[in-house]
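Accompanying notes for the structure given below.
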Amino acid sequence: MPTPRSSIVLVEDNETDVYLVREAIAAHDLEVELQIIEDGEKAIAFISGIDADEKRASPHLFLIDISLPRIDGLEVLGCLRRSMRCASIPVVIMTSSDSHSDRVNAGTLGATVFFRKPAGYEAFLTLGAIIKEQFG
Amino acid sequence: MFRRSSLEMRVLILAPIGRDARLLANTLAEMDVEPKIAENAEACFAMLAEGAGTALLAEEALDPIQVRTFSAWLSAQPPWSDLPLLILTRSGRPTLDSQRRAHELETIGNITLIERPARPETVQSSVRAALRARMRQYEIRSSQEALLRANADLEQFAYSASHDLREPLRSIGIYSDLLARDYGDSLGQKGSLFLSHIRSSVTRTEILLSDLLAYAHASSISDELPPPIEAAGPVDAALENLAGAIQESGARIDVGDMPAVRIRKSHLEQVFQNLVGNAIKYRREEPVHVRLAARREDTFWLFWVEDNGIGIPAEYRETVFGIFKRLHTNAAYSGTGMGLAICQRIIERYRGRIWVESELGRGSKFLFTIPA
(Lines give C-alpha, C1' and ligand atoms only; values in the text may rest on other atoms or scores of the structure.)
Protein backbone atom coordinates (compact mmCIF):
# COMPACT_ATOMS: atom_id res chain seq x y z
CA MET A 1 0.00 0.00 0.00
CA PRO A 2 1.20 3.53 -0.74
CA THR A 3 2.36 5.59 2.19
CA PRO A 4 -0.10 8.33 3.16
CA ARG A 5 2.09 10.99 1.66
CA SER A 6 4.35 9.76 -1.13
CA SER A 7 7.19 12.03 -2.06
CA ILE A 8 8.06 12.97 -5.60
CA VAL A 9 11.11 14.84 -6.85
CA LEU A 10 10.49 16.86 -10.00
CA VAL A 11 13.64 17.94 -11.84
CA GLU A 12 12.36 20.70 -14.12
CA ASP A 13 13.52 24.24 -14.87
CA ASN A 14 10.45 25.34 -16.73
CA GLU A 15 7.93 26.97 -14.37
CA THR A 16 5.09 26.63 -16.82
CA ASP A 17 5.55 22.86 -16.74
CA VAL A 18 5.95 22.73 -12.95
CA TYR A 19 2.50 24.27 -12.74
CA LEU A 20 1.11 21.68 -15.16
CA VAL A 21 2.63 18.80 -13.19
CA ARG A 22 0.91 20.17 -10.05
CA GLU A 23 -2.34 20.37 -11.99
CA ALA A 24 -1.93 16.76 -13.18
CA ILE A 25 -1.35 15.59 -9.61
CA ALA A 26 -4.34 17.55 -8.33
CA ALA A 27 -6.57 16.27 -11.13
CA HIS A 28 -5.95 12.70 -9.98
CA ASP A 29 -6.42 13.49 -6.28
CA LEU A 30 -2.94 12.31 -5.37
CA GLU A 31 -1.70 13.01 -1.86
CA VAL A 32 1.94 13.66 -2.58
CA GLU A 33 4.72 15.89 -1.48
CA LEU A 34 6.37 17.53 -4.50
CA GLN A 35 9.93 18.76 -4.31
CA ILE A 36 11.28 20.82 -7.22
CA ILE A 37 14.90 20.81 -8.33
CA GLU A 38 15.62 23.21 -11.16
CA ASP A 39 18.82 21.99 -12.73
CA GLY A 40 20.75 18.79 -13.40
CA GLU A 41 23.70 19.69 -11.22
CA LYS A 42 21.51 20.20 -8.15
CA ALA A 43 19.70 16.95 -8.93
CA ILE A 44 22.96 15.01 -8.90
CA ALA A 45 24.00 16.72 -5.66
CA PHE A 46 20.62 15.71 -4.19
CA ILE A 47 21.19 12.06 -5.16
CA SER A 48 24.72 12.03 -3.70
CA GLY A 49 23.30 13.61 -0.54
CA ILE A 50 20.91 10.67 -0.09
CA ASP A 51 23.70 8.18 -0.78
CA ALA A 52 25.90 9.87 1.84
CA ASP A 53 23.31 9.95 4.61
CA GLU A 54 21.48 6.72 5.41
CA LYS A 55 19.05 8.46 7.70
CA ARG A 56 17.72 10.62 4.89
CA ALA A 57 14.56 9.28 3.30
CA SER A 58 14.75 8.68 -0.42
CA PRO A 59 11.81 9.80 -2.59
CA HIS A 60 9.28 7.36 -4.05
CA LEU A 61 9.39 8.71 -7.59
CA PHE A 62 11.51 10.95 -9.82
CA LEU A 63 10.08 13.02 -12.67
CA ILE A 64 12.98 14.26 -14.78
CA ASP A 65 12.85 16.60 -17.76
CA ILE A 66 15.54 15.91 -20.39
CA SER A 67 16.35 19.48 -21.28
CA LEU A 68 17.82 21.03 -18.14
CA PRO A 69 20.41 23.71 -17.39
CA ARG A 70 24.00 22.55 -16.70
CA ILE A 71 23.55 18.77 -16.82
CA ASP A 72 20.79 17.20 -18.90
CA GLY A 73 18.11 14.85 -17.60
CA LEU A 74 19.51 11.73 -19.27
CA GLU A 75 22.80 12.22 -17.46
CA VAL A 76 20.92 12.68 -14.18
CA LEU A 77 19.09 9.42 -14.92
CA GLY A 78 22.37 7.59 -15.54
CA CYS A 79 23.77 8.93 -12.28
CA LEU A 80 20.63 7.91 -10.43
CA ARG A 81 20.76 4.34 -11.74
CA ARG A 82 24.38 4.03 -10.60
CA SER A 83 23.66 5.42 -7.15
CA MET A 84 23.60 3.26 -4.01
CA ARG A 85 20.19 4.10 -2.61
CA CYS A 86 18.25 5.54 -5.56
CA ALA A 87 19.00 2.92 -8.21
CA SER A 88 15.62 1.18 -8.01
CA ILE A 89 13.34 4.21 -7.65
CA PRO A 90 10.95 4.55 -10.61
CA VAL A 91 11.78 7.42 -12.99
CA VAL A 92 9.49 9.18 -15.44
CA ILE A 93 11.56 10.88 -18.14
CA MET A 94 9.76 13.87 -19.67
CA THR A 95 10.48 15.85 -22.81
CA SER A 96 8.74 17.97 -25.41
CA SER A 97 10.85 16.54 -28.20
CA ASP A 98 9.68 13.52 -30.14
CA SER A 99 13.26 12.55 -30.95
CA HIS A 100 13.61 8.84 -31.45
CA SER A 101 17.14 8.82 -30.02
CA ASP A 102 15.98 10.46 -26.76
CA ARG A 103 13.39 7.74 -26.32
CA VAL A 104 15.90 4.98 -27.03
CA ASN A 105 18.56 6.50 -24.77
CA ALA A 106 16.09 6.95 -21.93
CA GLY A 107 15.11 3.29 -22.23
CA THR A 108 18.71 2.11 -22.28
CA LEU A 109 19.56 4.20 -19.23
CA GLY A 110 16.72 2.64 -17.27
CA ALA A 111 13.79 5.07 -17.43
CA THR A 112 10.58 3.49 -16.13
CA VAL A 113 8.26 5.63 -18.28
CA PHE A 114 8.89 7.99 -21.18
CA PHE A 115 6.40 10.85 -21.15
CA ARG A 116 6.27 13.09 -24.18
CA LYS A 117 4.89 16.40 -22.94
CA PRO A 118 1.77 16.93 -25.00
CA ALA A 119 0.65 20.20 -26.54
CA GLY A 120 -2.78 20.25 -24.88
CA TYR A 121 -3.85 20.87 -21.31
CA GLU A 122 -6.15 17.85 -20.95
CA ALA A 123 -3.51 15.58 -22.47
CA PHE A 124 -0.91 16.86 -20.02
CA LEU A 125 -3.13 15.83 -17.13
CA THR A 126 -2.65 12.15 -18.11
CA LEU A 127 0.71 12.46 -16.37
CA GLY A 128 -1.29 12.18 -13.13
CA ALA A 129 -2.49 8.71 -14.13
CA ILE A 130 1.07 7.66 -14.90
CA ILE A 131 2.22 8.83 -11.49
CA LYS A 132 -0.66 7.01 -9.80
CA GLU A 133 0.34 3.77 -11.58
CA GLN A 134 3.83 3.98 -10.16
CA PHE A 135 2.36 4.03 -6.66
CA GLY A 136 -0.25 1.36 -7.48
CA MET B 1 56.84 26.74 -54.05
CA PHE B 2 54.68 23.72 -53.09
CA ARG B 3 53.99 24.00 -49.40
CA ARG B 4 51.91 21.07 -48.22
CA SER B 5 52.65 18.06 -46.08
CA SER B 6 55.52 16.22 -47.69
CA LEU B 7 53.40 13.10 -48.16
CA GLU B 8 50.84 15.00 -50.18
CA MET B 9 53.34 16.68 -52.50
CA ARG B 10 56.04 14.02 -52.84
CA VAL B 11 56.93 12.64 -56.25
CA LEU B 12 56.95 8.84 -56.47
CA ILE B 13 59.39 7.24 -58.87
CA LEU B 14 58.92 3.75 -60.25
CA ALA B 15 61.69 2.66 -62.60
CA PRO B 16 62.77 -0.99 -62.63
CA ILE B 17 66.41 -0.23 -63.35
CA GLY B 18 67.82 1.33 -60.20
CA ARG B 19 70.13 3.63 -62.10
CA ASP B 20 67.18 5.21 -63.95
CA ALA B 21 65.36 5.82 -60.73
CA ARG B 22 68.39 7.49 -59.17
CA LEU B 23 68.98 9.63 -62.23
CA LEU B 24 65.37 10.78 -62.09
CA ALA B 25 65.68 11.43 -58.35
CA ASN B 26 68.79 13.55 -59.01
CA THR B 27 66.97 15.49 -61.69
CA LEU B 28 64.15 16.20 -59.25
CA ALA B 29 66.49 16.98 -56.37
CA GLU B 30 67.48 20.13 -58.27
CA MET B 31 63.89 21.30 -57.83
CA ASP B 32 62.18 22.00 -54.52
CA VAL B 33 60.37 18.64 -54.48
CA GLU B 34 60.68 15.46 -52.51
CA PRO B 35 61.39 12.40 -54.68
CA LYS B 36 60.61 8.97 -53.28
CA ILE B 37 61.78 5.84 -55.07
CA ALA B 38 59.46 2.81 -55.05
CA GLU B 39 61.26 -0.53 -55.31
CA ASN B 40 58.43 -2.17 -57.20
CA ALA B 41 54.82 -1.63 -58.28
CA GLU B 42 53.40 -3.00 -54.98
CA ALA B 43 55.51 -0.60 -52.95
CA CYS B 44 54.39 2.18 -55.28
CA PHE B 45 50.69 1.38 -54.64
CA ALA B 46 51.29 1.38 -50.89
CA MET B 47 52.91 4.81 -51.13
CA LEU B 48 50.13 6.15 -53.34
CA ALA B 49 47.64 5.22 -50.65
CA GLU B 50 49.58 7.32 -48.13
CA GLY B 51 49.60 10.32 -50.43
CA ALA B 52 51.47 11.68 -53.42
CA GLY B 53 51.65 14.80 -55.56
CA THR B 54 52.42 12.88 -58.71
CA ALA B 55 54.26 9.74 -59.84
CA LEU B 56 56.90 9.22 -62.51
CA LEU B 57 56.56 5.76 -63.98
CA ALA B 58 58.81 4.03 -66.49
CA GLU B 59 56.70 2.30 -69.09
CA GLU B 60 58.58 -0.99 -68.75
CA ALA B 61 57.73 -1.07 -65.03
CA LEU B 62 54.09 -1.64 -65.88
CA ASP B 63 52.90 -5.01 -67.11
CA PRO B 64 49.24 -5.31 -68.21
CA ILE B 65 48.15 -6.52 -64.77
CA GLN B 66 49.76 -3.55 -63.07
CA VAL B 67 48.19 -1.21 -65.62
CA ARG B 68 44.83 -2.61 -64.57
CA THR B 69 45.66 -2.26 -60.88
CA PHE B 70 46.63 1.36 -61.51
CA SER B 71 43.38 2.04 -63.38
CA ALA B 72 41.38 0.45 -60.60
CA TRP B 73 43.16 2.53 -57.95
CA LEU B 74 42.76 5.72 -59.94
CA SER B 75 39.09 5.20 -60.68
CA ALA B 76 38.46 4.65 -56.96
CA GLN B 77 39.77 8.13 -56.12
CA PRO B 78 37.42 10.53 -54.32
CA PRO B 79 35.68 13.05 -56.61
CA TRP B 80 38.15 15.88 -55.90
CA SER B 81 41.20 13.77 -56.77
CA ASP B 82 42.64 13.14 -60.25
CA LEU B 83 46.24 12.16 -59.56
CA PRO B 84 48.48 13.27 -62.46
CA LEU B 85 50.82 10.52 -63.65
CA LEU B 86 53.92 10.98 -65.80
CA ILE B 87 54.94 7.98 -67.86
CA LEU B 88 58.35 7.72 -69.45
CA THR B 89 57.77 5.79 -72.68
CA ARG B 90 60.24 3.40 -74.26
CA SER B 91 62.80 5.00 -76.51
CA GLY B 92 62.89 4.45 -80.24
CA ARG B 93 60.81 5.28 -83.28
CA PRO B 94 57.05 5.15 -82.89
CA THR B 95 55.65 1.86 -84.09
CA LEU B 96 52.09 0.53 -84.30
CA ASP B 97 52.85 -1.42 -81.15
CA SER B 98 54.10 1.57 -79.21
CA GLN B 99 51.06 3.60 -80.32
CA ARG B 100 48.75 0.85 -79.12
CA ARG B 101 50.53 0.74 -75.78
CA ALA B 102 50.39 4.49 -75.42
CA HIS B 103 46.67 4.33 -76.05
CA GLU B 104 46.30 1.63 -73.40
CA LEU B 105 48.16 3.75 -70.88
CA GLU B 106 45.96 6.75 -71.62
CA THR B 107 43.01 4.75 -70.31
CA ILE B 108 44.59 4.64 -66.86
CA GLY B 109 43.67 8.20 -66.03
CA ASN B 110 45.34 11.60 -65.95
CA ILE B 111 48.47 10.66 -67.93
CA THR B 112 51.26 12.65 -69.55
CA LEU B 113 53.62 10.63 -71.74
CA ILE B 114 57.27 11.74 -71.77
CA GLU B 115 59.32 10.31 -74.56
CA ARG B 116 62.82 9.03 -73.80
CA PRO B 117 65.54 10.03 -73.94
CA ALA B 118 64.06 12.95 -72.00
CA ARG B 119 66.00 16.08 -71.19
CA PRO B 120 66.12 16.91 -67.44
CA GLU B 121 64.36 20.23 -68.11
CA THR B 122 61.48 18.37 -69.79
CA VAL B 123 61.08 16.07 -66.81
CA GLN B 124 61.31 18.99 -64.39
CA SER B 125 58.72 21.11 -66.15
CA SER B 126 56.34 18.14 -66.46
CA VAL B 127 56.68 17.43 -62.74
CA ARG B 128 56.13 21.08 -61.93
CA ALA B 129 52.96 21.19 -64.03
CA ALA B 130 51.69 17.96 -62.45
CA LEU B 131 52.30 19.25 -58.91
CA ARG B 132 50.59 22.51 -59.75
CA ALA B 133 47.53 20.63 -60.93
CA ARG B 134 47.65 18.44 -57.83
CA MET B 135 47.85 21.52 -55.61
CA ARG B 136 44.66 22.81 -57.17
CA GLN B 137 42.95 19.49 -56.42
CA TYR B 138 43.91 19.78 -52.74
CA GLU B 139 42.42 23.28 -52.68
CA ILE B 140 39.17 21.93 -54.10
CA ARG B 141 39.18 19.22 -51.46
CA SER B 142 39.58 21.79 -48.68
CA SER B 143 36.72 23.92 -49.91
CA GLN B 144 34.51 20.87 -50.36
CA GLU B 145 35.26 19.78 -46.82
CA ALA B 146 34.47 23.26 -45.54
CA LEU B 147 31.20 23.19 -47.45
CA LEU B 148 30.26 19.79 -46.05
CA ARG B 149 31.00 20.99 -42.53
CA ALA B 150 28.95 24.14 -43.03
CA ASN B 151 26.08 22.02 -44.34
CA ALA B 152 26.24 19.66 -41.41
CA ASP B 153 26.29 22.62 -39.00
CA LEU B 154 23.27 24.12 -40.67
CA GLU B 155 21.35 20.85 -40.46
CA GLN B 156 22.24 20.52 -36.79
CA PHE B 157 21.15 24.10 -36.25
CA ALA B 158 17.78 23.59 -37.93
CA TYR B 159 17.34 20.41 -35.95
CA SER B 160 18.08 21.97 -32.55
CA ALA B 161 16.17 25.13 -33.34
CA SER B 162 13.00 23.29 -34.28
CA HIS B 163 13.30 21.09 -31.20
CA ASP B 164 13.93 23.95 -28.82
CA LEU B 165 11.22 26.13 -30.29
CA ARG B 166 8.65 23.42 -29.63
CA GLU B 167 9.07 23.77 -25.90
CA PRO B 168 7.84 27.37 -25.44
CA LEU B 169 5.30 26.90 -28.21
CA ARG B 170 3.73 24.05 -26.29
CA SER B 171 3.38 26.29 -23.25
CA ILE B 172 1.76 29.06 -25.28
CA GLY B 173 -0.74 26.54 -26.57
CA ILE B 174 -1.57 25.04 -23.20
CA TYR B 175 -1.84 28.37 -21.41
CA SER B 176 -4.11 29.82 -24.05
CA ASP B 177 -6.30 26.76 -23.52
CA LEU B 178 -6.32 27.48 -19.80
CA LEU B 179 -7.12 31.14 -20.41
CA ALA B 180 -10.05 30.12 -22.58
CA ARG B 181 -11.25 27.58 -20.05
CA ASP B 182 -10.98 29.69 -16.88
CA TYR B 183 -11.53 33.21 -18.22
CA GLY B 184 -13.29 32.64 -21.54
CA ASP B 185 -16.58 34.04 -20.26
CA SER B 186 -15.11 37.36 -19.17
CA LEU B 187 -13.05 37.91 -22.32
CA GLY B 188 -15.91 39.09 -24.46
CA GLN B 189 -16.32 38.50 -28.16
CA LYS B 190 -13.18 40.37 -29.19
CA GLY B 191 -11.03 38.74 -26.53
CA SER B 192 -12.21 35.27 -27.54
CA LEU B 193 -11.41 36.05 -31.16
CA PHE B 194 -7.87 37.12 -30.20
CA LEU B 195 -7.41 33.94 -28.23
CA SER B 196 -8.55 31.79 -31.12
CA HIS B 197 -6.02 33.62 -33.32
CA ILE B 198 -3.30 32.71 -30.82
CA ARG B 199 -4.46 29.09 -30.84
CA SER B 200 -4.48 28.77 -34.62
CA SER B 201 -1.06 30.42 -34.86
CA VAL B 202 0.29 27.87 -32.41
CA THR B 203 -1.09 25.00 -34.47
CA ARG B 204 0.36 26.49 -37.63
CA THR B 205 3.77 26.98 -36.04
CA GLU B 206 3.71 23.40 -34.75
CA ILE B 207 3.17 22.10 -38.29
CA LEU B 208 5.87 24.43 -39.55
CA LEU B 209 8.33 23.14 -36.98
CA SER B 210 7.68 19.50 -37.72
CA ASP B 211 8.09 20.25 -41.43
CA LEU B 212 11.36 22.06 -40.72
CA LEU B 213 12.49 19.07 -38.72
CA ALA B 214 11.57 16.71 -41.56
CA TYR B 215 13.50 18.96 -43.94
CA ALA B 216 16.59 19.02 -41.74
CA HIS B 217 16.27 15.27 -41.37
CA ALA B 218 16.07 14.78 -45.14
CA SER B 219 19.23 16.85 -45.52
CA SER B 220 21.15 14.52 -43.26
CA ILE B 221 20.42 11.37 -45.29
CA SER B 222 23.72 9.56 -45.63
CA ASP B 223 25.33 8.95 -49.00
CA GLU B 224 25.27 5.21 -48.50
CA LEU B 225 22.36 3.52 -50.26
CA PRO B 226 20.20 1.22 -48.11
CA PRO B 227 19.17 -2.27 -49.30
CA PRO B 228 16.14 -2.37 -51.61
CA ILE B 229 12.62 -2.31 -50.14
CA GLU B 230 9.24 -2.95 -51.72
CA ALA B 231 7.81 0.48 -52.55
CA ALA B 232 4.28 -0.83 -52.01
CA GLY B 233 4.85 -0.77 -48.21
CA PRO B 234 5.58 2.95 -47.89
CA VAL B 235 2.76 3.70 -50.37
CA ASP B 236 0.28 1.86 -48.15
CA ALA B 237 1.65 3.53 -45.02
CA ALA B 238 1.32 6.97 -46.64
CA LEU B 239 -2.28 6.29 -47.69
CA GLU B 240 -3.05 5.06 -44.21
CA ASN B 241 -1.67 8.27 -42.68
CA LEU B 242 -3.91 10.18 -45.06
CA ALA B 243 -6.95 8.00 -44.37
CA GLY B 244 -8.83 10.90 -42.74
CA ALA B 245 -8.26 13.28 -45.64
CA ILE B 246 -9.04 10.57 -48.20
CA GLN B 247 -12.30 9.71 -46.53
CA GLU B 248 -13.31 13.32 -46.02
CA SER B 249 -12.69 14.20 -49.67
CA GLY B 250 -14.13 10.97 -51.00
CA ALA B 251 -11.01 10.65 -53.12
CA ARG B 252 -10.52 7.65 -55.36
CA ILE B 253 -6.90 6.46 -55.23
CA ASP B 254 -5.57 3.99 -57.79
CA VAL B 255 -2.20 2.39 -57.14
CA GLY B 256 -0.31 0.60 -59.92
CA ASP B 257 2.38 -2.05 -59.52
CA MET B 258 5.27 -0.86 -57.36
CA PRO B 259 8.89 -2.01 -57.71
CA ALA B 260 11.62 -2.59 -55.12
CA VAL B 261 13.95 0.40 -54.76
CA ARG B 262 16.94 1.41 -52.67
CA ILE B 263 15.54 4.05 -50.36
CA ARG B 264 14.66 4.21 -46.66
CA LYS B 265 11.03 3.29 -46.01
CA SER B 266 10.29 6.41 -43.98
CA HIS B 267 11.67 8.63 -46.74
CA LEU B 268 9.59 7.13 -49.53
CA GLU B 269 6.55 7.21 -47.24
CA GLN B 270 7.12 10.91 -46.61
CA VAL B 271 7.39 11.65 -50.34
CA PHE B 272 4.18 9.80 -51.21
CA GLN B 273 2.37 11.28 -48.24
CA ASN B 274 3.25 14.83 -49.26
CA LEU B 275 2.42 14.27 -52.94
CA VAL B 276 -0.87 12.46 -52.36
CA GLY B 277 -1.75 14.92 -49.58
CA ASN B 278 -1.28 17.78 -52.06
CA ALA B 279 -3.26 15.96 -54.73
CA ILE B 280 -6.22 15.77 -52.36
CA LYS B 281 -5.81 19.26 -50.93
CA TYR B 282 -5.55 21.17 -54.20
CA ARG B 283 -8.75 19.77 -55.63
CA ARG B 284 -11.49 21.16 -57.83
CA GLU B 285 -15.22 20.74 -57.33
CA GLU B 286 -15.40 17.38 -59.04
CA PRO B 287 -14.57 14.07 -57.30
CA VAL B 288 -10.88 13.68 -56.53
CA HIS B 289 -9.05 11.01 -58.50
CA VAL B 290 -5.37 10.26 -57.80
CA ARG B 291 -3.25 7.71 -59.64
CA LEU B 292 0.09 6.36 -58.33
CA ALA B 293 2.26 4.33 -60.65
CA ALA B 294 5.84 3.42 -61.51
CA ARG B 295 7.75 2.10 -64.48
CA ARG B 296 11.31 1.14 -65.24
CA GLU B 297 13.30 3.49 -67.48
CA ASP B 298 16.84 2.50 -68.46
CA THR B 299 18.91 3.22 -65.33
CA PHE B 300 16.18 4.30 -62.93
CA TRP B 301 12.62 3.83 -61.74
CA LEU B 302 10.14 6.53 -62.65
CA PHE B 303 7.28 7.11 -60.20
CA TRP B 304 4.39 9.47 -60.59
CA VAL B 305 1.39 10.83 -58.69
CA GLU B 306 -1.27 12.21 -60.98
CA ASP B 307 -4.37 14.15 -59.92
CA ASN B 308 -7.34 15.95 -61.45
CA GLY B 309 -6.94 19.03 -59.26
CA ILE B 310 -6.49 22.74 -59.88
CA GLY B 311 -3.10 22.43 -61.62
CA ILE B 312 -0.07 24.71 -61.36
CA PRO B 313 0.60 27.71 -63.63
CA ALA B 314 3.60 27.13 -65.90
CA GLU B 315 5.66 29.94 -64.34
CA TYR B 316 5.50 28.32 -60.88
CA ARG B 317 6.36 24.74 -61.80
CA GLU B 318 9.90 25.13 -60.49
CA THR B 319 9.35 27.53 -57.59
CA VAL B 320 6.81 25.22 -55.93
CA PHE B 321 9.76 23.06 -54.83
CA GLY B 322 11.39 25.94 -52.90
CA ILE B 323 11.35 26.20 -49.10
CA PHE B 324 8.29 28.09 -47.79
CA LYS B 325 7.07 28.67 -51.36
CA ARG B 326 3.30 28.89 -51.52
CA LEU B 327 0.90 29.86 -54.27
CA HIS B 328 -2.23 30.30 -52.15
CA THR B 329 -3.30 32.10 -49.00
CA ASN B 330 -3.63 30.05 -45.87
CA ALA B 331 -7.36 30.70 -45.93
CA ALA B 332 -7.74 29.16 -49.41
CA TYR B 333 -5.42 26.17 -48.92
CA SER B 334 -3.60 25.66 -45.62
CA GLY B 335 0.04 24.63 -45.75
CA THR B 336 3.57 25.57 -44.81
CA GLY B 337 5.19 25.53 -48.23
CA MET B 338 7.57 22.84 -47.04
CA GLY B 339 6.00 19.67 -48.42
CA LEU B 340 7.48 19.73 -51.92
CA ALA B 341 10.80 21.11 -50.63
CA ILE B 342 11.04 18.05 -48.37
CA CYS B 343 10.20 15.74 -51.30
CA GLN B 344 12.87 17.35 -53.44
CA ARG B 345 15.45 17.15 -50.65
CA ILE B 346 14.77 13.45 -50.11
CA ILE B 347 14.73 12.49 -53.80
CA GLU B 348 17.89 14.46 -54.56
CA ARG B 349 19.71 12.85 -51.64
CA TYR B 350 19.03 9.53 -53.34
CA ARG B 351 20.39 10.96 -56.60
CA GLY B 352 16.99 11.14 -58.20
CA ARG B 353 15.06 14.02 -59.73
CA ILE B 354 11.56 15.40 -59.12
CA TRP B 355 9.48 17.65 -61.34
CA VAL B 356 5.89 18.45 -62.21
CA GLU B 357 3.86 18.43 -65.41
CA SER B 358 0.54 20.23 -65.20
CA GLU B 359 -2.36 21.66 -67.09
CA LEU B 360 -4.01 24.57 -65.30
CA GLY B 361 -7.53 23.67 -64.27
CA ARG B 362 -7.12 20.03 -65.33
CA GLY B 363 -4.62 18.50 -62.92
CA SER B 364 -0.97 17.94 -62.01
CA LYS B 365 1.39 15.03 -62.42
CA PHE B 366 4.39 14.90 -60.07
CA LEU B 367 7.16 12.64 -61.33
CA PHE B 368 10.29 11.49 -59.58
CA THR B 369 13.10 9.08 -60.28
CA ILE B 370 15.14 6.76 -58.08
CA PRO B 371 18.24 5.08 -59.52
CA ALA B 372 17.64 1.37 -60.18
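- Applying a 4.5 Å heavy-atom cutoff, none of the residues of residues 74-93 of chain A approach chain B.
- Applying the 6.0 Å contact sphere to CD of A:Gln35 captures more than 12 heavy atoms from other residues, nucleotides or ligands.
- Looking at B:Ile172, neither its backbone nor its side chain comes within 4.5 Å of chain A, counting heavy atoms on both sides.
- Within 6.0 Å of atom CG in A:Asp53, more than 12 heavy atoms from other residues, nucleotides or ligands are found, so the atom counts as buried in its surroundings.
- Against chain B, the residues from residues 8-18 of chain A that qualify, each with a non-hydrogen atom under 4.5 angstrom away, are A:Asn14, A:Thr16, A:Asp17 in number order.
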Inset, instruction - Mind running side chain to side chain contact (heavy atoms under 4.5 Å, CB included) on A:Tyr19 and B:Ile174 for me, showing each step along the way? - result: CA-CA 11 Å; A:Tyr19 178 80; B:Ile174 291 180; over 6 Å; no
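- Summarising the geometry, atom OH belonging to A:Tyr121 is positioned 13.5 Å from atom OG belonging to B:Ser176; distances are rounded to the nearest 0.5 Å.
- Here the OG-NE2 distance, from B:Ser266 to A:His100, works out to 10.5 Å after rounding to the nearest 0.5 Å.
- Chain A forms more heavy-atom pairs under 4.5 Å with one residue of B:Arg166, B:Glu206, B:Glu167 than with any other, namely B:Glu167.
- Enclosure of atom CZ in A:Arg22 is not indicated, since only 12 or fewer non-hydrogen atoms of other residues, nucleotides or ligands lie within 6.0 angstrom.
- Annotation: the span from B:Arg170 atom CZ to A:Ser96 atom OG amounts to 4.5 Å, rounded to 0.5 Å.
- More than 12 heavy atoms of other shown residues, nucleotides or ligands fall within 6.0 angstrom of atom OH in B:Tyr333.
- To the nearest 0.5 Å, the span separating CG on B:Asp177 from CD on A:Glu122 amounts to 8.5 Å.
- Summarising the local packing, CZ of A:Arg56 is surrounded by more than 12 heavy atoms from other residues, nucleotides or ligands at distances under 6.0 Å.
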